[in-house]
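Scroll down for the structure; my scribbles are underneath it.
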2 protein chains.
Amino acid sequence: MEKTIGRMSLYRRLLLDIEKRGASHVYSHELARVAGIGAAQVRRDLMTMGFSGSPSKGYHVADLIGHIGTAIDPPEQQRVALVGVGNLGRAILAYFHGRRPKLAIVAAFDDDSAKVDKVVHGCRCHPLRAMSEIVPALDITVGIITVPAESAQDIADRLVNLDIKGILNFAPAALRVPPGVFVDTMDITTALEKVAYFARKGR
Amino acid sequence: MEKTIGRMSLYRRLLLDIEKRGASHVYSHELARVAGIGAAQVRRDLMTMGFSGSPSKGYHVADLIGHIGTAIDPPEQQRVALVGVGNLGRAILAYFHGRRPKLAIVAAFDDDSAKVDKVVHGCRCHPLRAMSEIVPALDITVGIITVPAESAQDIADRLVNLDIKGILNFAPAALRVPPGVFVDTMDITTALEKVAYFARKGR
DNA sequence: TGAGCGATGTGATTCAATTCACAATGTGTA
DNA sequence: TACACATTGTGAATTGAATCACATCGCTCA
Ligand SMILES: NC(=O)c1ccc[n+]([C@@H]2O[C@H](COP(=O)([O-])OP(=O)(O)OC[C@H]3O[C@@H](n4cnc5c(N)ncnc54)[C@H](O)[C@@H]3O)[C@@H](O)[C@H]2O)c1
Ligand SMILES: NC(=O)c1ccc[n+]([C@@H]2O[C@H](COP(=O)([O-])OP(=O)(O)OC[C@H]3O[C@@H](n4cnc5c(N)ncnc54)[C@H](O)[C@@H]3O)[C@@H](O)[C@H]2O)c1
């Protein structure tokens, strides 16, 4: 069901578009077309999440958007820390700044003294050593790791010790975390190599 | 088998580390441990790719690195174009600059005249209109899309028309491409929402 | 030399995700 | 009213990935 959750976020974006175009209902096959997947998949996902439509009108767009929100959005603001204010870290800070009130990056950390204490895209960059104070104080539950691979496990361990429950990791390293902590690793290099491979070999 | 190809890139990085530490052989369970997966998975992957080890010594590290290279690396340089020199695009250009001689980002494109004709991390940023000339001239086969979602399908269409065979897409949009073109979409927002969701709900 | 150990390679199995296929249902039409 | 149609909801079938389980082999050591 992890896959389904991932697609909910996509569905919502598409539904907001559809709503903007003035449609009040969508059929599974319409949503499927814009999502680039099959209609049965869409119906199955919505069923899994406990939504339902009408065989004649399809799914009510505004309703569905609301339901997805209550299903996947945090009920109150959920706070995120980013560790490693390098090129990628800054791009992420810029992108999320002010965009999601319910899911906000509220602190950044780096061990490079040239970056510490600067405000980057609306987010203060703290020294690494301040983590153990700031993370609990702000009740941060999610971490984004954008440090070099060698440091990634160390940072993950610290975050876990500070009771963080989810990590989005961009370092090309397989993180070991205790059960109860959810990790998703986005390995851009591997993704590019895979695309290059299939661009050459097909399929 | 797409998943296996993805892991090969990871295995190689880990093997290079292991080699650096002076070990000449690895057992499947050792590689599995550092990769964060099961030993059977590792053996299955290596088998799928046609590699084999010895029951007594395990897999020969240097050999394996070489074999993975011939299996997944381009035999000669494969060239990549990046479209959308924004925050994320620049981070990617910085990261790959000079890192992979065999897989090089050799051209960038943007429609913002303030960016055009500047050299960003060793890569010249061309006006969008130059794409139809430069992509064939440099024999570029892979595209990276880092433009806003509204423009992503348009850029994908152009790239496909210029005979590109693989796209790594960072825009939160499902791209429609003809068969024979491989697309991988890395949706950072969705990934973060998923992590946040499981951080709250567990599993 | 040969028994025991610890690995590989792989058929069989399990598990999860996706897709198929169709009964049930509401709608529009004559 | 009754019929034809398009769509939902969902069990069943399919596909594909991950895992199990074990026959087999090379090494070590008595
Ligand atoms: N930028 C990309 O396109 C790209 C592509 C593939 C992988 N990655 C991975 O993403 C990660 C970040 O990439 P980047 O391009 O931003 O690198 P970068 O070198 O620009 O940034 C790394 C940042 O982490 C900080 N840092 C280093 N060690 C630290 C530590 N122990 N604690 C806290 N901060 C520390 C550095 O001061 C720096 O600010 C790396 O693991 C990289 O391999 C990035
Ligand atoms: N930066 C992130 O962390 C992040 C997170 C989630 C998603 N994304 C997605 O990645 C993409 C890029 O993000 P970003 O933060 O770099 O955005 P950005 O606004 O910094 O950069 C976008 C760049 O694309 C250029 N551009 C716009 N339309 C274009 C067109 N039609 N042709 C060519 N160039 C065009 C702009 O001039 C700009 O340089 C977006 O689709 C965004 O939704 C980024």
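The analysis underlying the following values was restricted to heavy atoms, covering all of them including side chains, and did not include hydrogens, waters or symmetry mates. Here is how names work: the chains are called A, B, and so on, in the same order as the sequence lines, proteins then strands, and each is numbered from 1. Note that the structure is a prediction, hence the values are computed from the model and not measured.
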Q) In residues 10-36 of chain A, what residues come within less than 4.0 Å of DNA chain C, judged by heavy atoms? A) none

Q: Specify the closest pair of heavy atoms between A/Ala152 and A/Asn169, including all atoms of both residues, with the distance to one decimal.
A: CB-OD1, 4.4 Å

Q | Pair B/Arg158 + B/Asp154, salt bridge at N-O below 4.0 Å | A | yes

Q) Rounding to a whole Å, what distance do you find between A/Met8:CE and C/dA17:P? A) 13 Å

Q.
For the helix from C/dT1-D/dA30 to C/dA30-D/dT1, what angle separates the axis at the start from the axis at the finish, each from five pairs, in steps of 10°?
A. 10°

Q | Nucleotide D/dA6, atom P - distance to OH of A/Tyr59 in whole Å | A | 18 Å

Q: Can you sort out the partners of B/Ser132 under side chain to side chain contact (heavy atoms under 4.5 Å, CB included), two or more places apart, ordered by chain and number?
A: B/Leu162

Q | For A/Phe182, all residues meeting ring pair (Phe, Tyr, Trp, His ring centres under 6.0 Å), sequence neighbours excluded | A | B/Phe198

Q.
Donor-acceptor pair, distance only, cut-off 3.5 Å: does the side chain of A/Gln153 make one with the backbone of A/Arg176?
A. yes

Q | Qualifying residues under side chain to side chain contact (heavy atoms under 4.5 Å, CB included), relative to A/Ala35, sequence neighbours excluded | A | A/Leu10, A/Tyr11, A/Leu14, A/Ile37

Q) Salt-bridged, A/Asp110 to A/Lys118, with N to O below 4.0 Å? A) no

Q) If you look at every heavy atom in A/Arg200 and B/Asp73, which pair is closest and at what distance? A) NH1-O, 3.3 Å

**Q.** Rounded interatomic separation in angstrom, taking CD from B/Glu2 and C1' from D/dA18
**A.** 16 Å

**Q.** Salt bridge flag under 4.0 Å for residues B/Asp163 and B/Lys165
**A.** yes

Mind listing the N/O atom pairs, protein and nucleotides 27-30 of chain D, below 3.5 Å?
none

Q | Step-by-step salt bridge (charged side-chain N to carboxylate O under 4.0 Å, His left out) determination, B/Asp187 to A/Arg13 | A | CA-CA 12 Å; B/Asp187 188 332; A/Arg13 263 199 315 263; 2.5 Å; yes

Q: For A/Asp112, enumerate each residue passing the salt bridge (charged side-chain N to carboxylate O under 4.0 Å, His left out) test, keeping only those at least two apart in sequence or located in another chain.
A: A/Lys115

**Q.** Set of residues satisfying salt bridge (charged side-chain N to carboxylate O under 4.0 Å, His left out) with respect to B/Asp111, sequence neighbours excluded
**A.** none

Q: When you get a sec, tell me which of C/dT18, D/dC20, C/dT8 is the closest nucleotide to the side chain of B/Pro55?
A: C/dT8

Q) Taking atom P of C/dC20 as reference, at what distance in whole Å does atom CD1 of A/Ile37 sit? A) 13 Å

Q.
Just to verify, what does B/Ala81 make a side chain to side chain contact (heavy atoms under 4.5 Å, CB included) with, not counting sequence neighbours?
A. B/Phe109, B/Ile140

Q. Which of residues 41-54 of chain A have a heavy atom under 4.0 Å from DNA chain C?
A. A/Gln41, A/Arg43, A/Arg44

Q | For atom CE of B/Met1 and atom C1' of D/dG16, their distance in whole Å | A | 14 Å

Q | Set of salt bridge (charged side-chain N to carboxylate O under 4.0 Å, His left out) partners for A/Arg44, sequence neighbours left out | A | none

Q) Going through the distances and angles, do B/Arg7 and B/Gln41 end up as a side chain to side chain contact (heavy atoms under 4.5 Å, CB included)? A) CA-CA 10 Å; B/Arg7 280 189 297 267; B/Gln41 180 73 79; 3.0 Å; yes

(Q) Quick check on contacts: within residues 174-181 of chain A, what sits under 4.0 Å from DNA chain D by heavy-atom distance? (A) none

Q: State yes or no: are the ring centers of B/His121 and B/His97 separated by less than 6.0 Å?
A: no

